[in-house]
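One structure is given below, encoded as structure tokens.
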Amino acid sequence: MKALISKIIYFAAVMTALLISSGASAQVVRVAVAANLQPVIKVLQQDFKKRTGITIEPVSAASGTLATQIRNGAPFDIFMSADTELPKALFKDGFAANAPVVYAQGILILCSRHKVSLKKWWEILLSDKVTRFAIANPAVAPYGKAAEAALKRQGVYDKLKSKMVVGESIGQVNTYISTDAVNAGFTTLAFFRENSSKIPLVGWTIPDNTYPPIEQGMILLKRAEDNAAAIKFYKYIFTAEAKKLIVKYGYHVL
């Protein structure tokens, strides 16, 4: 059964990459992008295209899911993860041309469509005002892992289990929040900044001393070590222009 599941994941990744590549230009870089980066990758994609003429094709999912797809042969050139552990493991096992480098640090927030004060966020989650709240799957999504750590640090994790809805990625959590399927959810500052002008949202930044740093790591994958376009995009992420966009969308950069 495990082998069958691996084959299905591999097939899905290959088909996704092939489908999105149809009609693309010769210079195409396929980037596996952590789900939390969906808002900012769009503007990075546009800015890089304007500067170089090179097309970026992002495929977004939870970092753990993307890492599994890479191990199963998915044709990606670069992996932009929401943590450094997964890229480290890929590098150690020979899938990457370089050790992971931290390109940004994520910011965790609690977000809701309801006009409630989230300052004492754990009290709101414990109250009757919240019957369901969402976190991303801590096993595959670094923002879920951070949310789990913050809940445990506050001593409320076990008390809140019955209200917890686990999304397979931060993207699914964002959908739950946007559609009001849950009363609140742990997500990214980037999501809040992109959407708070479109839909009614309130957000509260979770103190960063309550969860491990969400260090976003990037690797150039082995298959792209001689791909000039991929190397150019990899280097672009560390330029002042790219960093400015990354900060604008709710991340710290080093």
Side-chain angles (χ1 to χ4, degrees), residues 29-63 66 77-84 87 100-113 118 121 136 141-144 146-147 150 169-175 177-178 184-209 211-220 229-254:
V29 180
R30 298 186 179 94
V31 185
V33 182
N36 71 90
L37 285 170
Q38 281 180 320
V40 70
I41 195 64
K42 295 175 188 172
V43 291
L44 291 171
Q45 186 180 17
Q46 292 166 1
D47 187 59
F48 185 68
K49 174 80 173 180
K50 186 174 66 178
R51 294 175 186 278
T52 66
I54 298 171
T55 299
I56 300 301
E57 291 182 347
V59 175
S60 181
S63 295
L66 292 169
D77 300 309
I78 289 173
F79 178 30
M80 298 178 73
S81 175
D83 71 0
T84 55
V101 179
V102 175
Y103 60 88
Q105 194 169 76
I107 299 172
L108 180 70
I109 70 164
L110 182 63
C111 190
S112 174
R113 290 194 57 163
L118 297 175
W121 56 270
Y143 281 84
S169 70
I170 199 69
Q172 191 168 59
V173 169
N174 292 342
T175 299
I177 296 169
S178 302
F186 287 94
T187 185
T188 67
L189 180 59
F191 167 77
F192 180 77
R193 286 189 176 174
E194 185 191 30
N195 294 284
S196 58
S197 62
K198 305 172 190 171
I199 53 178
L201 287 175
V202 295
W204 180 258
T205 302
I206 304 300
D208 58 12
N209 63 352
Y211 59 87
I214 309 174
E215 291 187 328
Q216 322 253 315
M218 181 168 65
I219 49 176
L220 182 71
I231 293 170
K232 192 170 283 188
F233 182 71
Y234 178 88
K235 291 180 177 177
Y236 161 76
I237 293 299
F238 299 99
T239 63
E241 293 81 7
K243 284 183 177 181
K244 188 176 178 181
L245 293 173
I246 292 169
V247 169
K248 181 180 178 182
Y249 276 78
Y251 297 87
H252 297 307
V253 294
L254 303 178

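What's counted below: heavy atoms across the whole structure, side chains too, no hydrogens, waters or symmetry copies.
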So, taking the atom named OG1 in Thr239 and the one named CG in Leu44, what distance separates them when rounded to the nearest 0.5 Å? 9.0 Å
Would you compute the distance between atom CD1 of Ile109 and atom CH2 of Trp204 and round it to the nearest 0.5 angstrom? 11.5 Å
Rounding to 0.5 Å, atoms OH (Tyr249) and CZ (Arg193) come to a distance of 11.0 Å
Please report the closest heavy-atom contact between Leu220 and Ile231, naming both atoms and the distance. CD2-CG1, 3.8 Å
Taking Ser81 for the side chain and Ser63 for the main chain, is one N or O donor matched with an acceptor at less than 3.5 Å? no
Tyr236 side chain vs Thr52 backbone, donor-acceptor pair below 3.5 Å: no
Heavy-atom closest pair (Ile246 atom, Val40 atom, distance to 0.1 Å) is CA-CG2, 4.0 Å
Tell me whether Gln45 contacts the main-chain N or O of Ile56 through its side chain, where contact means a donor paired with an acceptor under 3.5 Å. yes
With the side chain counted from C-beta on, respond yes when Leu108 and Tyr143 share a heavy-atom pair under 4.5 Å apart, and no when they do not. yes
To the nearest 0.5 Å, what is the distance between CD1 on Ile214 and OG1 on Thr84? 11.5 Å
How close do Gly203 and Phe192 get, heavy atom to heavy atom, and via which atoms? N-CE1, 3.6 Å
Return the minimal non-hydrogen interatomic distance between Lys243 and Ile237, and the atom names on each side. CG-O, 4.1 Å
Should Ser112 and Trp121 count as side-chain neighbours, where that means a heavy-atom distance under 4.5 Å? no
Minimum heavy-atom distance between Asn36 and Ala82, given as atom pair plus value: ND2-CB, 3.1 Å
Sub-4.5 Å side-chain heavy-atom contact between Tyr251 and Leu37: yes
Are a donor atom and an acceptor atom from the side chains of Asp77 and Tyr234 found within less than 3.5 Å of each other? no
So which heavy atom on Leu110 is nearest to which on Ala184, and how close? CD1-CB, 4.1 Å
Got a donor-acceptor contact below 3.5 angstrom from the Asp47 side chain to the Val43 backbone? no
Give a yes or no answer on whether the side chain of Arg113 reaches the backbone of Ile177 with a donor-acceptor pair at less than 3.5 Å. no
Find out whether Glu241 and Arg51 are in side-chain contact, i.e. whether some heavy atom of one side chain is under 4.5 Å from a heavy atom of the other. yes
Apply side chain to side chain contact (heavy atoms under 4.5 Å, CB included) to Asp208 and Gln105, showing your working. CA-CA 11 Å; Asp208 58 12; Gln105 194 169 76; 5.8 Å; no
Can you find a heavy atom in the side chain of Phe79 that is under 4.5 Å from one in the side chain of Pro100? no
With heavy-atom distances below 4.5 Å as the criterion, would you say the side chains of Phe233 and Ile54 are in contact? no
Give, for atom NZ of Lys42 and atom CG of Leu245, the distance between the pair rounded to the nearest 0.5 Å. 14.5 Å
